[in-house]
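Values below: all heavy atoms of this structure, side chains included; hydrogens, waters and symmetry mates excluded.
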Amino acid sequence: MGARLAGKVALITGGGGGIGEATAQLFWEEGAQVAIVDNNADDVYAAGRGIDPTGERMLALAADLAKEPEAARVVRETLARFGRLDVLANVAGVRTPQGTIVEIPQESWDYCIGVNLMAVVYCSKHAIPEMARNGGGSIVNISSSNAWIPRPGWTPYDATKAAVLALSQDMACDHAAQNIRVNAICPGPTLTRFHIRNRARNRGMAYEQAQAEMRAEPVTNFMRRRADPRELAYAILFLACDESSFVTGTTFRIDGGLPLWDPTPESQDRIPSPPGLAR
């Protein structure tokens with residue numbers, strides 16, 4: 001147990017699993033009072049109980065943050081429970097079915113924009129005045145390395161994550177005078193429960209088998225593996241706590257070197273695999 005966030009109140013979206021849950025766990029370990037929110041009620045309540053069975057420093061909420069009234073309610077309930085708000089981590093995100101802009105239907109665009117972009121806007125809009133009343137705070141937005149690395153078929157997701165980067169920089173500029181710092185994290189491939197469940201379902205295998213398979217297979221980055229969600233959580237923790245008091249408007253790539261990767265076979269052969277990982 002640490003104390004890097006002692007006395008702080010943090011609101012974490014997407015807290016029902018993956019990076020959001022790992023961040024909530026780490027924040028709680030570092031002394032924060034934590035509110036987590038997710039659109040999946042079962043997942044977010046289970047995550048809350050798993051992190052803090054007593055509920056003394058934990059509040060779990062179910063909400064659709066793509067709707068502004070829901071985002072406003074979540075901020076209000078956090079304040080009602082803990083009395084203040086110091087940190088907002090906008091982690092929640094969704095992907096849509098793959099396709100080009102010719103193929104993707106309007107409802108997929110609306111869904112992706114709503115969760116990946118507008119939820120960040122709405123939560124920040126209602127959190128910022130409360131942070132300002134406390135003398136400042138920190139907002140950490142989760143983008144993606146694919147905000148600038150193109151790939152076929154993921155246009156809505158990648159476009160909305162690129163928008164989060166521009167939004168974060170403008171927010172940092174607009175609210176620096178209120179001592180509110182805004183930064184972004186760009187994860188690369190990350191091994192979350194969501195991805196493991198998808199692999200297990202799509203290939204008809206047990207969860208444990210899919211997890212082991214995904215841990216073993218090499219990935220096209222320098223580290224040749226996927227990140228553990230807690231590795232992302234530590235970066236979010238740094239930006240949330242006072243250790244990063246002079247950091248704002250910045251984007252942190254936490255992706256094992258993914259943007260620097262040269263996919264040609266000749267280049268791959270020059271990069272050694274980590275010990276114990278076969279190519």
Side-chain angles (χ1 to χ4, degrees), residues 10-28 32-53 55 57-78 80-82 87-98 107-124 126-127 140-144 154 156-157 160-161 164 185 187 189-202 206-208 210-211 214 226-230 232-233 236:
L11 171 59
I12 302 169
T13 74
I19 297 170
E21 182 181 5
T23 302
Q25 176 72 55
L26 184 57
F27 278 23
W28 184 86
Q33 295 173 296
V34 181
I36 55 175
V37 57
D38 202 285
N39 66 347
N40 187 310
D42 291 340
D43 283 352
V44 75
Y45 296 149
R49 289 191 299 270
I51 294 168
D52 185 0
R57 290 192 285 117
M58 173 61 61
L59 173 65
L61 300 166
D64 179 359
L65 297 176
K67 300 174 181 177
E68 184 174 359
E70 288 287 275
R73 174 180 64 83
V74 163
V75 172
R76 285 197 309 271
E77 293 193 24
T78 301
R81 173 67 185 278
F82 297 125
V87 178
L88 170 63
N90 287 303
V91 183
V94 295
R95 295 184 176 185
T96 58
Q98 288 182 271
E107 55 267 26
S108 294
W109 277 102
D110 292 342
Y111 178 53
C112 203
I113 291 171
V115 177
N116 291 355
L117 180 60
M118 296 313 299
V120 177
V121 171
Y122 297 146
C123 288
S124 301
H126 292 278
V140 186
N141 297 325
I142 306 305
S143 176
S144 169
W154 288 106
Y157 180 85
T160 52
K161 289 301 185 179
V164 168
I185 293 284
T190 305
L191 189 59
T192 68
R193 190 161 59 240
F194 169 81
H195 295 102
I196 297 169
R197 285 174 177 170
N198 280 351
R199 172 73 65 93
R201 181 176 62 252
N202 293 338
Y207 179 92
E208 293 76 12
Q211 183 179 43
M214 294 182 77
R226 293 175 173 84
D228 183 270
R230 193 169 172 95
L232 278 299
I236 299 170

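Of the possible polar contacts, one joining the Thr13 side chain to the Val91 backbone as a donor-acceptor pair under 3.5 Å is found. Side chain of Thr23 to main chain of Ala233: no donor-acceptor pair is present (N/O by atom type, distance under 3.5 Å, no hydrogens or angles). In this structure a side-chain-to-backbone donor-acceptor pair under 3.5 Å is present from Arg57 to Ala32.
Considering all non-hydrogen atoms of both residues, Ala35 and Phe82 come closest at N-CE1, 4.2 Å. Summarising the geometry of Val37 relative to Ala62, their closest heavy-atom pair is CG2-C, 4.5 Å, with the distance given to 0.1 Å. Leu88 approaches Ala127 most closely through the heavy-atom pair CD2-CB, 3.9 Å. The heavy-atom pair separating Gly14 from Ala92 by the smallest distance is N-CB, 3.6 Å. The two residues Pro156 and Trp109 come nearest to each other via the heavy atoms CA-CZ3, 3.7 Å. When all heavy atoms of Gly15 and Asp38 are compared, the pair lying nearest together is N-OD2, 3.7 Å.
Taken from OG1 in Thr96 to CG in Asp110, the straight-line distance is 11.0 Å, to the nearest 0.5 Å. Put simply, CD1 on Ile51 and CE on Met58 are 4.0 Å apart, with the number rounded to the nearest 0.5 Å. Atoms CZ and CG, on Arg76 and Leu61 in that order, are 11.5 Å from each other to the nearest 0.5 Å. Here NZ of Lys161 is found 9.5 Å from CZ of Arg95. Values are rounded to the nearest 0.5 Å.
For Ala210, the side-chain contact (heavy atoms from CB on, under 4.5 Å) partners are Ile196, Arg199, Ala200, Met205, not counting sequence neighbours. Looking at residues two or more places apart in sequence or on another chain, you find no salt bridge (Lys or Arg N to Asp or Glu O under 4.0 Å) involving Arg81. Every residue meeting the side-chain contact (heavy atoms from CB on, under 4.5 Å) condition with Ala60, not counting sequence neighbours, appears here in chain and number order: Ile36, Val44, Tyr45. Partners of Ala227 under the side-chain contact (heavy atoms from CB on, under 4.5 Å) rule, at least two apart in sequence or in another chain, are Thr190, Glu231, Leu232. Judged as a salt bridge (Lys or Arg N to Asp or Glu O under 4.0 Å), and not counting sequence neighbours, the contacts of Asp64 are Lys67. Scored by the side-chain hydrogen bond (donor to acceptor under 3.5 Å, both in side chains) test, Trp28 finds Asp52 as partners (sequence neighbours excluded). Residues that satisfy the side-chain hydrogen bond (donor to acceptor under 3.5 Å, both in side chains) test with Glu21, not counting sequence neighbours, are Arg193. In this view, Arg226 and Glu217 satisfy the salt bridge (Lys or Arg N to Asp or Glu O under 4.0 Å) rule, not counting sequence neighbours. In this view, Thr160 and Asn116 satisfy the side-chain hydrogen bond (donor to acceptor under 3.5 Å, both in side chains) rule, not counting sequence neighbours. For Ala119, the side-chain contact (heavy atoms from CB on, under 4.5 Å) partners at least two apart in sequence or on another chain are Leu65. Under the salt bridge (Lys or Arg N to Asp or Glu O under 4.0 Å) criterion, Asp43 pairs with Arg197, not counting sequence neighbours. For Gln25, the side-chain hydrogen bond (donor to acceptor under 3.5 Å, both in side chains) partners at least two apart in sequence or on another chain are Glu29.
Residues Glu107 and Tyr111 form no side-chain contact, since every pair of their non-hydrogen atoms from C-beta on lies 4.5 Å or further apart. Counting heavy atoms from C-beta outward, Ser124 and Asn90 have side chains that approach closer than 4.5 Å.
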Would you check, one step at a time, whether the test side chain to side chain contact (heavy atoms under 4.5 Å, CB included) holds for Met118 with Glu68? CA-CA 8 Å; Met118 296 313 299; Glu68 184 174 359; over 6 Å; no
Test side chain to side chain contact (heavy atoms under 4.5 Å, CB included) on Ile19 and Ile236; report intermediate values, then the result. CA-CA 10 Å; Ile19 297 170; Ile236 299 170; 3.9 Å; yes
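Of the listed residues (Val164, Ile185, Leu117), just one forms a side-chain contact (heavy atoms from CB on, under 4.5 Å) with Asn141, and that residue is Val164.
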